[in-house]
Amino acid sequence: MIRTATLLAHAAFVLLVLAGVAWAGTALWLHLSGAIRLDALVLLGLAALAALWLRFFRSRRAGWAVLALGALVVGGWYQTITPMQD
């Protein structure tokens, strides 16, 4: 039973990371252009890999902390976007 709970916790973490990367990647793709878009997408991918690596090979708390920090950074950036009326 404990192994099943651990497996479900790992699966939930991976799904959260994938969903967050998909949402953030779409937002970055639509609102940035040029070289900065590529840089931001690479940083997003590196942050996702860091969260996964920390979660599975170091500390569970560190993985969750990196995921939460990334969500705060992307959410804060997203709040600064001004909507276009065209």
Side-chain angles (χ1 to χ4, degrees):
M1 186 66 174
I2 293 174
R3 185 147 172 94
T4 304
T6 304
L7 184 64
L8 288 175
H10 288 321
F13 185 80
V14 169
L15 287 175
L16 279 173
V17 169
L18 290 176
V21 166
W23 180 81
T26 302
L28 290 170
W29 186 266
L30 292 175
H31 295 287
L32 298 178
S33 61
I36 193 141
R37 176 192 289 172
L38 182 61
D39 292 341
L41 290 172
V42 166
L43 283 174
L44 177 65
L46 289 174
L49 288 175
L52 290 170
W53 184 78
L54 284 170
R55 170 80 162 104
F56 292 113
F57 297 113
R58 291 290 175 197
S59 165
R60 290 181 189 158
R61 288 183 182 174
W64 283 106
V66 168
L67 183 63
L69 181 64
L72 287 173
V73 167
V74 171
W77 165 75
Y78 197 75
Q79 293 297 317
T80 64
I81 296 174
T82 6
M84 290 187 248
Q85 297 183 11
D86 59 348

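FYI, the numbering just counts along the sequence from 1. Computed from a prediction, not measured in an experiment: that's the story for all the values here.
Val14 and Val74 fall within the same hydrophobic cluster, where Ile, Leu, Val, Met, Phe, Trp and Tyr residues are linked whenever their side-chain heavy atoms come under 4.5 Å apart, directly or through other members. In terms of hydrophobic clustering, with Ile, Leu, Val, Met, Phe, Trp and Tyr side chains grouped at heavy-atom distances under 4.5 Å, Leu16 and Leu52 are assigned to a common cluster. Hydrophobic cluster membership is shared by Val17 and Trp29, with clusters built from Ile, Leu, Val, Met, Phe, Trp and Tyr side chains linked at under 4.5 angstrom. In this structure, Leu41 is not a member of the same hydrophobic cluster as Leu46, with clusters built from ILVMFWY side-chain heavy atoms closer than 4.5 Å. Linking Ile, Leu, Val, Met, Phe, Trp and Tyr whenever their side-chain heavy atoms come within less than 4.5 Å puts Val21 and Leu18 in one cluster.
Atom CG of Leu43 is separated from atom CD1 of Ile36 by 9.5 Å, given to the nearest 0.5 angstrom.
For CG of Leu8, the number of neighbouring non-hydrogen atoms (other residues, nucleotides, ligands) closer than 6.0 Å is greater than 12.
Pairing each heavy atom of Ala51 with each of Val66, the nearest pair is CB-CG1, 3.7 Å. Closest non-hydrogen pair, Ala40 versus Leu32, comes out as CB-CD1, 3.7 Å.
Here the options are Ile81, Thr80, Thr26, the test is side-chain contact (heavy atoms from CB on, under 4.5 Å), and the partner is His31; only Ile81 passes.
With sequence neighbours excluded, the residues that form a side chain to side chain contact (heavy atoms under 4.5 Å, CB included) with Arg58 are Trp53, Leu54.
Annotation: ring pair (Phe, Tyr, Trp, His ring centres under 6.0 Å) contacts involving residues 62-86, sequence neighbours excluded, comprise Phe13-Trp64, Trp23-Tyr78.
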